[in-house]
Amino acid sequence: MDTSREELKRFVRPHLTEERFDHTVRVTDTAHELAERFGGDARNIEVAGMLHDYAKYRPEEEMCRWIEGSVDLPKDLLNYSPVLWHGPVGVKMLEKEWGPLDRSVQAAIASHTTGNAIMSIYDKILFLADYIEPGRDFPGVEKARRLSEEDLDKACLYALDNTIRFLMSKNQTIYPDTFHAYNSLQKKQEEENG
Ligand code: DGI
Ligand code: FE
Ligand code: FE
């Protein structure tokens, strides 16, 4: 696994700032810890973590062209903040610039910013690792870290709830997948609580 991490590092480093590169490594380490606790193939976690922010610094116009030109990217993304684009567009760029990736890795990268209605173990682990990695410091992160010790779904639900509240407090629009992710995890909690 060490050699492949080195290979992934060499590949992503030129595309990221130093700060973003360090974040990427912390996300990957955090995702490994979560996978040990909750399950998930370590190789997939490694690749998803190391590549998740690959497209973060691509020009908006370039990302916009990818969304317009790819049949399998939701056009609706263009109606929402460009901060949401680097996940789904990153998958397309990686396909071209890195090579084939496991479907579960692609899905986790695509949804790492917003979540989605039917999150896989990889989607949840990457989403949460990105939220709680040790470099993050914002109100609620400690609670998300505490929940992540015990319950992956509860921790993701809390992160989604907190993100939605934060965005609303800033009068920002919220991408529907963020609500879909929140709703499906909230419903699951209600079912579990009877
Ligand atoms: O790329 P990172 O900075 O590591 O993290 P990220 O991909 O989770 O992006 C975080 C930003 O995305 C943060 O400012 C909150 C924002 N965000 C998450 N969900 C939504 C959103 N912004 C909007 N406008 N709508 C969303 O649904
Ligand atoms: Fe990101
Ligand atoms: Fe990130």
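Every number for a ligand or one of its atoms is a count from 1 in the order of the listing. Numbers here are sequence positions counted from 1.
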The Fe ion (ligand 3) to nearest N/O/S of Glu133 below 2.8 Å: no
Structural part of Arg20 in contact with ligand 1, heavy atom criterion under 4.0 angstrom: side chain
Angle subtended at the Fe ion (ligand 2) by NE2 of His86 and OD1 of Asp53, nearest 10°: 90°
Over all atoms of both residues, closest heavy-atom pair of Val25 and Lys9: CG2-CE, 4.0 Å
Metal site the Fe ion (ligand 3): N/O/S of His23 inside 2.8 Å: yes
Glu68 and Lys75 ion-paired at < 4.0 Å: no
Thr178 and ligand 1 - part of the residue with a heavy-atom distance under 4.0 Å: side chain
Minimum-distance pair of heavy atoms, taken over all atoms of Ala31 and Ala129: N-CB, 3.7 Å
Flag for His86-His52: side-chain donor and acceptor within less than 3.5 Å: no
Side-chain donor-acceptor contact under 3.5 Å, His180 with Asn116: no
Sub-4.0 Å atoms of ligand 1 with respect to non-hydrogen atoms of Gln172: 24 (N)
Protein residue, atom and distance nearest to atom 16 (C) of ligand 1, heavy-atom basis: Val83 CG2, 4.0 Å
Residue portion contacting ligand 1 (non-hydrogen atoms closer than 4.0 Å) for Thr113: both
N/O separation below 3.5 Å, His52 to ligand 1: no
Residue pair Asn162 / Tyr131, side-chain donor-acceptor N/O under 3.5 Å: yes
Contact with ligand 1 for Glu133, non-hydrogen, under 4.0 angstrom: no
Numbered atoms and elements of ligand 1 in range of His112, under 4.0 angstrom, heavy atoms: 7 (O)
Structural part of Asp177 in contact with ligand 1, heavy atom criterion under 4.0 angstrom: neither
Arg136 N/O to ligand 1 N/O under 3.5 Å: yes
Atom indices of ligand 1 within 4.0 angstrom of His23 heavy atoms, with elements: 4 (O)
Nearest-neighbour protein heavy atom for atom 8 (O) of ligand 1, which is reported as residue plus atom name and distance: Asp130 OD2, 3.3 Å
Nearest-option assignment for atom 22 (N) of ligand 1, heavy atoms, candidates Leu126, Val27, Leu167, Thr163: Leu167
Thr114 N/O to ligand 1 N/O under 3.5 Å: no
Ionic contact status for Arg58 with Glu97, cut-off 4.0 Å: yes
Donor-acceptor side-chain pairing of Thr24 and Asp53 below 3.5 angstrom: no
His23 side chain to Asp130 side chain, donor-acceptor N/O pair below 3.5 angstrom: yes
Audit row: Tyr54, Phe11, ring pair (Phe, Tyr, Trp, His ring centres under 6.0 Å) steps and yes/no: CA-CA 9 Å; Tyr54 177 69; Phe11 174 72; 5.1 Å; yes
Residue and atom name of the nearest protein heavy atom (relative to atom 25 (N) of ligand 1), distance in Å to one decimal: Thr173 O, 3.3 Å
Check: Asp102/Ser104 side-chain N/O donor and acceptor closer than 3.5 Å: yes
Top protein contact for atom 1 (O) of ligand 1, by heavy-atom distance: Lys56 NZ, 2.7 Å
